[in-house]
Amino acid sequence: MTDHSPGPRRAPGELLRRLRLRHPTDPVTHVERVPARAGEPVGWPGWAPEELRAAFARRGVTAPWRHQAEAAELAYAGRHVVVATGTASGKSLAYQLPALSTLLADPRATVLYLAPTKALAADQLRAVAGLELDGVRPATYDGDTPRAEREWIRRHSRFVLTNPDMLHHGILPGHAHWSGFLRRLAYVVVDECHTYRGVFGSHVAHVLRRLRRQCARFGRTPVFLLASATSGDPATAAGRLTGLPVTAITEDTSPRGGVTFALWEPPLLPPSDSSVDADLVQVRRSALRETADLLADSVVEGVRTLAFVRSRRGAEVVAANARRALDEAVPGLGERVAAYRAGYLREERRELERALLHGDLLGLASTNALELGVDLVGLDAVLICGWPGTRASLWQQAGRAGRSGDEALAVLVARDDPFDTYLVHHPEALFGRPVEATVLDPANPYVLAPQLACAAHESPLTPADLDLFGEGAKEAVDSLVEAGALRQRPTGWYWRHRERPEIDLRGEGGTPVCVVEESTGRLLGTVDGGSAHFLLHTGAVYLHQGVSYVVDSLDLADGCALVHAEEPDWSTHARDVTSLSVVSVRSYVDAGPVGLFLGEVDVTSQVVSYQRRRIATGEVIDTRPLDLPARELRTVAVWFTLSPQSLTAAGVEAADVPGALHAAEHAAIGLLPLMATCDRWDIGGLSTALHPDTEAPTVFVYDGHPGGAGFAERAYGTAAAWLRATRDAIAECGCETGCPSCVQSPKCGNGNNPLAKAEAVKVLDVVLANLPTVGGEAAVAGPEAVAGLEAGAGLEAVAGLEAGAGLEAGAGLEAGAGPEAGAGPEAGAGPEAGAGPEAGAGPEAGAGPEAGAGPEAGAGPEAGAGPEAGAGPEAGGSEAGGSGRGETLPRQGDRVTRPAQAAGGPPA
């Protein structure tokens, strides 16, 4: 019998020391020690039933921590409250205590629990059911719930666990069938509420308002109990999400084991002998390969480890490489490592969760699907492959280890990316800094109008309802009337169509596409509709639990991709084209030769081809055309222009202008997360030597979400600081001609060409030298264009184009990957989709996709490293983002002969 056991378990600190010694040069740039903390217990509230106290005692909870008791007291007294404390601080008990006490005291009361992922809802179901309280009857109601059980849950469950998607698609449209539950609703628990940010958060804010509206029709006003990771100004964010005054509990009084937090920069690879420019090219080892090796080393040392990877494909690659390394060391040990990501079937997800909880698995490579509050007791170490997008998300992921109070190890493995490189060499930007505030905008017209259409479909809108939905509601209703979606009558506004409005809450771009093995008819998993163009096009390589499949056909109308098992020696990389046009200008700064603008833009993207590349060498085998529909996005952008004369005076030759702008664009996108709660996957960009709408050299940076998500506005408001940090990051980098640490993008589908590093510094010097003359920040220097809701604006969800569609995730190489990428590119797959369409009977029938396991906390949608729009000889290039999607490639047509053409513009 083969012994698959690892070696003796190492303490996390000892493990870090051993890992560092295995490298000739120390890859650790900084070690932060987070000290242990003692807890502050208090007595149970007097109103807590003895039955509930005994149930908690059986689980080992003999008394609540002070912050738990304070939150519970407020909620039991009827106050809306948000608990914003650290990972493993016991937020669950803070809302379970008042909710379950009320259910035990009032046999008719009900509780609705909302989680952003199915895994978290399943975990909470285990916790509540484990208390074994008579009469509570907890049950999950989501896309995985068998149809036969749904009627029983509606009639008998008093603690229903679901997600915003099912609330939107199933419960609210079928409110008549839920009337008994809603008229007795005492509490609404919104768990991990910091995940509801950006456009997704804005949608969820209105879903909660629609829930409040239906409860009010039954004379009920439930108390909202929210739980959040530590965040900036949680009371304001929770109030914006619910539309109610919310009290925040922010002091964490729970005990915590110490954490050793290391910043890890992968070593430089030796230059290739075959490269002519080998002495100029500095390429770091892939973060994916480095994380895979660290995961394997941790498992060999007996340390239970969870590796967070940004993309679905990346999680598969890390798990596959770690398994391979372990089997080479100890045959069979690779079985103790697995991948966990979106798109798996329900049975696979639950089995992986069980195996991790019971110790059958020692290592797991996961997307941020497991970042949220799933109770992973016993983990010793967490590896974070690349900056997860926010400090809140970073600490959430790091907090997955050491939950039982033991010492823990967290390692941030930097990608070869400007922002990651900046962070590992500037630890002060991470440690001792407050976490970001949650940003959402319920007044976004692209969100508000479709949500009002949904509300009108559920029951006619009244003038009183407009106050509930807030600023801009009357204008949005008027636009819906003008567009023919609503009819105004003396009693209110009525929905005019038989079919329901369709809204994509998570910006996934449509119904999930099922991946089916053609020879057997077996369902392998799902991919969200927006990502299918990139990940499931004909000829694409699709990875599932370490097994490679090649796509034979993609039917977008039927939502099905047929695949066959194959282990090719090549990977696939989708390429697309993009164009951008200015719609309107909201505000601008006239700074002489420099202009800074904020306004609406239209971005059009279409996947047109894909490359096949050798896995071992990265060699391009061929490029094959594709025929897929274009996707359109109206969003908000910030852009700056420069006069050609100012560039000439700064020493930037005309031939270097495209490369200079392209390099500045890449670095600006990489550094914007310093200023805004986003990462580069939430935003896109485009640069051109002469844009037809601006008639000047221009760099655009735009939000990758319909209607915008507030990132461009933040960039505009902090333009001087943002661009100063960008300029310094480029200038301080030690490379000669540009590298992934400064101006190269990990997603550039055009091979990061052209790029002109030194000239990019000159471009930014020109901008910064002029912006401070008007105060350095974005002040209105002229008439502000009207940016109100135009007739029909925001009606994409009503008229066919689903709001939140965004752009697609790509399949580009992970930064600096090359041959180190192992099993292929780090490709994104968008937000974690659920188990397919929500096929409920009765009111839920045809409800559309029930995602249920959606975008991961803080980092925005689970994004991949899509192909970035590169730059032609004349245009600088384009880095496109959308709904956490990848980046796109502008058209190449006639750039040399028509320098006035915009990057990505149509050929003449």
Expected output: side-chain T162 to main-chain Y141 donor-acceptor under 3.5 Å: yes
Side-chain (Q68) to main-chain (G90) donor-acceptor, under 3.5 angstrom: yes
Evaluation steps, side chain to side chain contact (heavy atoms under 4.5 Å, CB included), between I171 and L211: CA-CA 9 Å; I171 295 176; L211 172 64; 5.8 Å; no
Working for side chain to side chain contact (heavy atoms under 4.5 Å, CB included), residues W44 and L97: CA-CA 10 Å; W44 291 104; L97 182 57; 4.0 Å; yes
Residue pairs, two or more places apart or on separate chains, that pass salt bridge (Lys or Arg N to Asp or Glu O under 4.0 Å) and touch residues 228-254: R37-D252, R66-E251
Any donor-acceptor pair under 3.5 Å from H67 side chain to S89 backbone: yes
Close side-chain approach of Y113 and F159, heavy atoms under 4.5 Å: yes
Ring-face cation contact, Y494 with R489, 6.0 Å cut, 45° max: yes
Residue pair D465 / R209, side-chain heavy-atom distance below 4.5 Å: no
Evaluation steps, side chain to side chain contact (heavy atoms under 4.5 Å, CB included), between L104 and T102: CA-CA 5 Å; L104 293 174; T102 299; over 6 Å; no
Nearest-0.5 Å distance that lies between atom CZ in R147 and atom OG1 in T145: 12.5 Å
Backbone N/O of L131 and side chain of R58: donor-acceptor pair under 3.5 Å: yes
Residue pair A127 / Q96: nearest heavy atoms and the distance that separates them: CB-NE2, 4.2 Å
side-chain hydrogen bond (donor to acceptor under 3.5 Å, both in side chains) between R184 and T110, intermediate numbers included: CA-CA 6 Å; R184 297 180 281 116; T110 60; 5.3 Å; no
L208 side, atom CG; L468 side, atom CG - distance, nearest 0.5 Å: 10.5 Å
R155 side-chain N/O to F181 backbone N/O, donor-acceptor pair under 3.5 Å: no
Heavy-atom closest pair, residues A229 and E192: N-OE1, 4.4 Å
From NZ (K91) to CD1 (I249), nearest 0.5 Å: 13.5 Å
CA sep, side-chain torsions, deciding dist, call: Q451, H203, side-chain hydrogen bond (donor to acceptor under 3.5 Å, both in side chains): CA-CA 7 Å; Q451 286 289 341; H203 274 299; 3.1 Å; yes
Within-4.5 Å side-chain heavy-atom neighbours: Y187 and P222: no
Expected output: side-chain D106 to main-chain L103 donor-acceptor under 3.5 Å: no
V190/V204 under side chain to side chain contact (heavy atoms under 4.5 Å, CB included): CA gap, chis, key distance, verdict: CA-CA 11 Å; V190 184; V204 173; 5.9 Å; no
Side-chain heavy-atom pair P442, F469 within 4.5 angstrom cut-off: no
R183 side-chain N/O to W178 backbone N/O, donor-acceptor pair under 3.5 Å: no
Polar side-chain atom of W47 near backbone of P98 as donor-acceptor pair, under 3.5 Å: no
Donor-acceptor pair, side chain of R59 and main chain of A55, under 3.5 angstrom: no
Test item: H80 side-chain N/O and F224 main-chain N/O as donor-acceptor pair under 3.5 Å: yes
Flag if over 12 foreign heavy atoms under 6.0 Å of CD, E40: yes
Minimum-distance pair of heavy atoms, taken over all atoms of R158 and R108: NH2-N, 3.9 Å
Non-hydrogen side-chain atoms of L161 and P138 separated by less than 4.5 Å: yes
Nearest non-hydrogen partners of A71 and V83, listed with the distance: CB-CG2, 3.4 Å
Audit row: W495, E458, side-chain hydrogen bond (donor to acceptor under 3.5 Å, both in side chains) steps and yes/no: CA-CA 9 Å; W495 178 245; E458 291 156 8; over 6 Å; no
Over all atoms of both residues, closest heavy-atom pair of C215 and L185: SG-CD2, 3.7 Å
Residue pair S459, R213: steps toward the side-chain hydrogen bond (donor to acceptor under 3.5 Å, both in side chains) verdict: CA-CA 10 Å; S459 57; R213 178 173 177 254; 3.1 Å; yes
Closest heavy-atom pair and its distance - V223, A75: CG1-O, 4.0 Å
Enclosure of R137 CZ (heavy-atom neighbours >12, cutoff 6.0 Å): yes
